[in-house]
Each structure stands twice: as C-alpha cells, then as structure tokens.
> 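For reference, the structure I am asking about is given below.
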Amino acid sequence: MVAKYSDRVMLMQYKSTRNSKIRLEASQVIVQGISEEGGLFIPERFPDISGQFSRLSKLGYQALATDIFSYFLTDFTHDELETCVSRAYTQEKFGPEPVLLKSLAGVGNRHILELWHGPTCAFKDMALQILPYFLSIAQKKNTSGRKAVILVATSGDTGKAALEGFRDVPDTRVVVFYPQNGVSPMQKKQMISQEGKNVNVCAIHGNFDDAQTAVKHIFTDEQTKLVLKENGMMFSSANSINWGRLLPQIVYYFYAYFRLSETGKVELGQPINIVVPTGNFGNILAAYYASQMGLPVNRFICASNTNKVLTDFIHTGIYDRRRKFYTTSSPSMDILISSNLERLLYAFSGENDVKLADWMNQLASGGHYDVGVEVMNRLQKLFFAGYSNDKDTANTLRETWILENYLCDTHTAVALGVYNQYVQASGDENTPTVIASTASPYKFAGSVLEALNTKTTQDEFANIAVLEKLTGIAAPVQLNALQKKTVRFTEAISSEQVSEYVLKTLGIGR
C-alpha cells in the first residue's frame with residue numbers, strides 16, 4: 001500500500017464558512033467546489049512551517065509546492081502529489097522558473113513577483129495548470145465515474161486559464177461566462193478562440209458580478225444538480241472559491257520570500273510587506289494564509305481600482321456594493337462582490353458561522369453589511385487599503401517605464417501606485433516589499449500604449465507590434481499566435497439564462 005502524506009502529518013479536514021460542523025477531506029472539497037449551503041471550504045487549521053525555513057528555502061518550485069500541498073491534501077498519496085506538480089509546472093509551460101522576482105530601484109524596497117509566465121500570460125496559470133490534476137485524482141476517489149462540469153465566471157484571466165488547463169481533460173466539461181464588455185480585447189480573443197472538444201464560452205449581458213452570482217446560484221440549485229446527477233455529472237468550480245484553486249497560490253509567496261533570502265535581501269524571519277492588485281480577494285487571501293503558516297508579513301497592501309469596494313470596506317468596516325460599477329483599464333479587478341473575503345471574515349469573526357452567514361445574506365438581499373468595530377480593527381491592523389483611478393494608474397505605469405525601465409501591465413501599476421500611497425501614509429519605505437504582478441503588459445497592450453502617450457488602434461495585434469517596437473521587449477509568442485486562431489464562441493445571454501444555457505450545452509436541457 002502506498003503511504004499517504006497523512007502518515008507523516010496530521011489528517012487535514014475542511015469545514016464550511018457557513019457551517020462549522022462540516023468535516024470533509026481535501027479530495028471531497030476539490031470535487032464539490034462550494035459547500036451545499038453556499039459556504040466556502042477552509043482547512044480546519046494552518047500548520048506553522050516556520051521552523052523548517054532553512055530546509056524549505058533550498059527547494060526548487062516543484063519540491064516546495066509538493067511539500068506545502070502535503071499538509072493540506074492529506075488524502076492524496078506522495079506519488080499523486082508529485083505527479084500533479086511535475087505535470088503542471090513544466091519548463092515547456094512556464095520556462096526555467098514558474099515565477100520570476102525582479103527588484104526595482106527608486107523609492108522603497110520593492111520586488112516585483114512576476115506570476116504571468118505560464119500558458120495564458122496571467123497569474124491564474126499558477127493554480128489552473130495544477131487544478132485539473134488535483135480534480136482528476138479527486139474524482140477517482142469520490143465520484144464513482146461521474147463527469148465534472150467546471151463552471152467559471154471570469155473577469156478576464158480566470159476564464160482563459162481554466163479553459164487551457166482543462167482542455168480535453170478526460171471526464172470534464174468546462175463552461176466559462178464572461179462580461180461581454182468587461183474584458184480586454186486580448187482576454188476576449190483568448191477565450192472565444194479556445195481549442196478543445198470539452199469547452200464552451202459564453203458572454204453575459206452585464207458585469208462580472210452578474211456572471212459570478214448566476215454561477216454561484218447554479219451550484220446551490222437543487223433541481224439543476226438533480227438533472228446533472230441523473231445524467232452522470234456533477235458541478236465543480238475553477239474559480240478561487242474552490243480550495244484547489246486557492247491552495248497553489250500560497251506557494252509562490254513562500255518561494256518569493258526564499259528567493260529574497262537567497263540573494264541577501266532579507267534574513268530568514270525578517271518581515272516583508274505584500275502588495276496585491278485585488279478583485280475577488282483570492283490572491284491576497286493566499287498571502288494571508290501563507291502568513292498563518294509562518295511567513296513573516298508586516299502589512300498586506302490591498303490595491304483596488306476605481307471599483308474600490310474593498311478599500312472602502314477596510315477603511316469603514318462596511319461592505320457596500322450599492323454603487324456605480326466602473327469599466328476600467330484594469331478589467332480583471334472590475335468586481336463589486338469579492339467572494340473570498342468571506343473566508344477572511346470567517347477567521348476574523350472567531351469562526352462564527354452564524355454571524356458570517358448573516359452578513360452574506362445581508363449582502364445578497366440588501367447589498368451591504370457592517371462587520372462592526374472589533375473586526376474592522378483587526379482588518380486595519382494587518383491590511384492597508386488604497387485605490388488608483390485610471391489616470392493615476394497610467395501615470396504610475398509611464399513613470400515606472402521611464403524612470404526604472406520596467407514595463408508592467410495596468411493591474412500591476414495599480415499595485416505600484418497603492419504601494420506609493422502606503423509609503424506616504426506610513427513612512428515605511430525600508431521593509432522589503434513583494435508586489436504581485438498578475439499579467440503580461442501585452443494582454444492589455446492598448447491601455448499600456450495609452451499610458452505611454454502612444455497612439456493606439458482598434459486592432460490589438462497592431463497595438464502589440466507598436467508596443468514591441470517602442471520598448472524593445474518581445475511579446476509572449478502565445479499572444480501573437482492568437483491572431484491566426486478561429487473564433488469559435490459568439491453567443492451572448494442574460495444572467496437569468498445561465499442555467500438554461502449550461503443544461504443545453506451539456507445536452508441535458510429539459
């Protein structure tokens with residue numbers, strides 16, 4: 001019998017943010033995606049691995065990922081975890097290193113964590129290249145041959161990364177919904193030209209929140225789930241509501257810290273700041289979870305664009321989505337309902353599932369909730385929040401290129417701008433700071449050119465060529481290759497039609 005990692009570490013089980021009595025194993029929560037009552041799964045504890053930093057800091061990315069996964073996926077065998085990691089993070093997909101860390105000069109002790117060197121040129125690849133392997137193994141342990149229907153709501157990057165990750169994976173179907181006018185031209189082209197026999201893409205008349213709400217509703221709709229079960233299928237998710245999507249993102253924060261240590265920029269045990277351009281709160285939550293495992297973090301800097309619902313929440317303790325929705329130059333952050341915040345609030349409320357469920361019900365019914373002074377104070381102790389509008393984001397992007405010869409995308413520019421706000425407010429420019437860079441600048445070539453005061457056209461591939469000539473930096477080959485790909489998906493529906501569309505796509509509509 002092959003030894004499980006649970007022979008080396010304690011068995012890890014998972015509970016729901018809205019029902020603390022639930023106890024499921026990792027493979028069950030990866031398959032299920034979201035709890036039946038609508039809550040999100042979280043591990044029952046976070047192991048402290050700080051005592052192992054000396055050993056872990058010497059590991060490559062694959063070995064580090066396997067080690068961290070072993071604490072959470074305890075019903076997976078050692079061989080299963082190694083297989084998942086070795087197939088996901090290959091040199092063919094990511095290059096010699098899955099992520100790169102580049103230090104900037106100028107104000108502050110800043111280090112850009114480039115997370116976009118994977119197949120779709122966005123940070124979502126770091127999780128969505130491995131999730132299909134997790135899910136395939138989890139299915140064999142739990143579903144008795146039922147096929148997984150992966151539903152995805154995307155603000156741009158998750159959709160393409162999920163489509164690419166699950167393309168032609170046996171026993172899976174992937175259905176992606178995106179806001180029709182809420183993604184960049186390159187993000188749209190990536191999705192609607194996606195290859196694969198098991199994929200479908202559909203636009204939604206509305207914004208990302210409309211798509212996300214519709215998809216989450218399907219997960220808890222008993223009639224729809226029954227129809228799937230009768231046809232040998234079940235729903236799962238590739239959004240960061242799925243623990244299997246969130247867990248891989250913890251790894252790269254440790255990896256960045258260890259690379260800073262290796263180059264002498266931090267000493268093991270020295271605190272750092274982490275800056276994340278934030279929409280659905282998953283990426284910054286992964287950083288927080290890393291800190292719960294021993295990563296020394298001074299402040300988490302939550303960077304928003306004009307849709308600054310998170311910034312206002314951290315400042316006031318009141319989450320209020322009843323506001324104008326803006327379409328910005330950083331579209332992956334154009335979100336007013338940040339799903340993963342629920343996981344953080346579960347922890348900060350003392351794991352009070354009743355209170356948490358009440359807040360989420362208030363958000364669904366009335367559009368707002370108030371967490372009170374105690375939770376707000378806990379938030380403000382750890383999190384700094386700021387926002388950058390499109391004009392300021394363009395200025396930051398342009399200055400970073402001119403003054404530091406570093407070309408970033410608009411989302412990373414939001415993070416850099418809010419970091420500058422943090423330094424001005426706190427005076428803390430000496431703490432080593434990791435800034436998450438979430439996408440290649442060539443995914444948003446038009447917006448980047450506009451920031452550089454350069455004329456653009458409606459042809460995004462022409463914009464890419466101009467940006468290459470202007471900067472001398474080659475665009476990722478996978479983006480240029482899209483120009484020759486055939487558009488496959490053109491349908492657009494209302495959010496009320498999502499359930500009907502899914503069943504029709506699966507060939508089981510009634």
Side-chain angles (χ1 to χ4, degrees), residues 30-34 84 87-88 93 118-120 122 124-140 143 145-179 183 187-204 208 211-212 214-219 224-225 227-228 231-246 248 280 478 482 485-493 497-509:
I30 288 173
V31 167
Q32 195 169 322
I34 190 171
C84 291
R87 291 179 178 176
K93 294 176 181 177
T120 76
K124 307 295 177 72
D125 288 326
M126 298 306 301
L128 283 166
Q129 281 299 306
I130 197 165
L131 179 59
Y133 297 107
F134 285 165
L135 183 62
S136 294
I137 291 171
Q139 281 179 278
K140 293 175 184 177
T143 63
R146 293 167 68 188
K147 293 183 178 181
V149 178
I150 314 297
L151 295 185
V152 180
T154 184
S155 56
D157 289 330
T158 293
K160 172 59 180 177
L163 291 163
E164 189 65 28
F166 281 95
R167 180 181 64 175
D168 293 330
V169 171
D171 298 322
T172 63
R173 291 288 300 272
V174 188
V175 186
V176 169
F177 297 97
Y178 70 94
V183 300
Q187 289 173 318
K188 182 176 180 178
K189 178 70 173 180
Q190 282 186 306
M191 289 187 283
I192 64 177
S193 63
Q194 176 65 46
E195 298 170 347
K197 296 179 181 179
N198 66 334
V199 303
N200 283 86
V201 179
C202 185
I204 294 288
F208 168 75
Q212 178 170 247
V215 166
K216 289 179 75 173
H217 173 73
I218 295 176
F219 272 94
T224 305
K225 288 193 295 183
V227 173
L228 257 71
N231 287 273
M233 303 177 189
M234 65 179 297
F235 285 132
S236 190
S237 174
N239 284 91
S240 54
I241 57 175
N242 191 319
W243 175 248
R245 240 295 302 277
L246 193 58
N280 219 12
Q478 58 267 48
L482 288 169
K485 291 200 172 183
T486 302
V487 171
R488 296 183 62 200
F489 305 102
T490 58
E491 192 166 357
I493 62 175
Q497 295 173 292
V498 165
S499 181
E500 177 185 352
Y501 176 88
V502 169
L503 296 180
K504 181 185 73 173
T505 296
L506 298 174
I508 57 176

> With Lys160, which residues qualify under side-chain hydrogen bond (donor to acceptor under 3.5 Å, both in side chains), at least two apart?
Glu164, Gln194

> Sequence neighbours left out, what passes ring-ring contact (aromatic ring centres under 6.0 Å, His included) with Tyr501? Give chain and number order.
Phe177

> With side chains defined as the heavy atoms from C-beta onward, is the minimum distance between Leu228 and Leu506 less than 4.5 Å?
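Yes. Closest side-chain heavy atoms under 4.5 Å.
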
> I'd like to know if the side chain of Asn242 reaches the main chain of Gly244, judged simply by a donor and an acceptor atom lying under 3.5 Å from each other, with no hydrogens or angles considered.
yes

> For the CD atom of Glu500 and the CD1 atom of Ile218, what is their distance to the nearest 0.5 Å?
11.0 Å

> With sequence neighbours left out, write down each residue that passes side-chain contact (heavy atoms from CB on, under 4.5 Å) with Ser155, or none if nothing qualifies.
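Ser155: side-chain contact (heavy atoms from CB on, under 4.5 Å) contacts with Phe208, Ser332, Ile335.
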
> May I ask you to test the Thr154-Met191 pair for a side-chain heavy-atom distance under 4.5 Å?
yes

> Taking the side chain as every heavy atom from C-beta outward, state whether Gln478 and Gln190 have any atom pair closer than 4.5 Å.
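Gln478 does not reach Gln190 side chain to side chain.
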
> Which residues pass the side-chain contact (heavy atoms from CB on, under 4.5 Å) test with Ala148, sequence neighbours left out?
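Expected list: Leu135, Gln139, Ile150, Thr172.
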
> Identify, with sequence neighbours excluded, every residue that meets salt bridge (charged side-chain N to carboxylate O under 4.0 Å, His left out) alongside Asp157.
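By the salt bridge (charged side-chain N to carboxylate O under 4.0 Å, His left out) rule, Asp157 matches Lys443.
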
> Could you work out, with side-chain contact (heavy atoms from CB on, under 4.5 Å) as the rule, every residue matching Arg146, not counting sequence neighbours?
Thr143, Lys229, Met234

> Do you know the tightest heavy-atom contact between Ile508 and Val227?
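Closest heavy-atom pair between Ile508 and Val227: O-CG1, 3.8 Å.
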
> Partners of Phe166 by ring-ring contact (aromatic ring centres under 6.0 Å, His included), sequence neighbours excluded?
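Phe166: no ring-ring contact (aromatic ring centres under 6.0 Å, His included) contacts found.
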
> Suppose we screen for side-chain hydrogen bond (donor to acceptor under 3.5 Å, both in side chains). Which residues come up paired with Lys225, at least two apart in sequence or across chains?
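Only Glu222 meet the side-chain hydrogen bond (donor to acceptor under 3.5 Å, both in side chains) criterion with Lys225.
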
> Applying side-chain hydrogen bond (donor to acceptor under 3.5 Å, both in side chains), name anything that partners Thr158, two or more places apart in sequence or on another chain.
Lys124

> By side-chain hydrogen bond (donor to acceptor under 3.5 Å, both in side chains), which residues pair with Gln129, not counting sequence neighbours?
Lys93

> Ignoring hydrogens and geometry, is there a side-chain-to-backbone donor-acceptor pair from Arg173 to Lys147 under 3.5 Å?
no

> Quick check for you: to the nearest 0.5 Å, what is the distance between Leu131 atom CG and Ile30 atom CD1?
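Taking CG in Leu131 and CD1 in Ile30, the distance rounds to 7.0 Å.
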
> Over all heavy atoms of both residues, which pair between Pro248 and Ile130 is shortest? Give the atoms and the distance, please.
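Looking at all heavy atoms of both residues, the shortest contact is CG-CG2, 3.6 Å.
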
> Within the side chain of Asn198, is there an N or O that forms a donor-acceptor pair under 3.5 Å with the backbone of Asp168?
yes

> Under a plain distance cut-off of 3.5 Å, with no hydrogens placed, do Asn280 and Gln212 share a side-chain donor-acceptor pair?
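On atom types as modelled, these side chains qualify, holding a pair under 3.5 Å.
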
> Among residues at least two apart in sequence or on other chains, which ones pass ring-ring contact (aromatic ring centres under 6.0 Å, His included) with Tyr133?
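Tyr133: no ring-ring contact (aromatic ring centres under 6.0 Å, His included) contacts found.
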
> Identify which one of Ile34, Val31, Val175, Val502 satisfies the side-chain contact (heavy atoms from CB on, under 4.5 Å) criterion when paired with Phe235.
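In the set Ile34, Val31, Val175, Val502, the residue that makes a side-chain contact (heavy atoms from CB on, under 4.5 Å) with Phe235 is Val502.
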
> If you look at every heavy atom in Ala211 and Ile204, which pair is closest and at what distance?
CB-CG1, 4.1 Å

> Kindly indicate whether the side chain of Arg167, heavy atoms from C-beta on, has any atom under 4.5 Å from the side chain of Glu195.
yes

> Is the backbone of Ala238 close enough, under 3.5 Å, to the side chain of Arg245 for a donor and an acceptor to pair up by distance?
yes

> How close do Ile137 and Cys84 get, heavy atom to heavy atom, and via which atoms?
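Heavy atoms of Ile137 and Cys84 come nearest at CD1-SG, 3.4 Å.
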
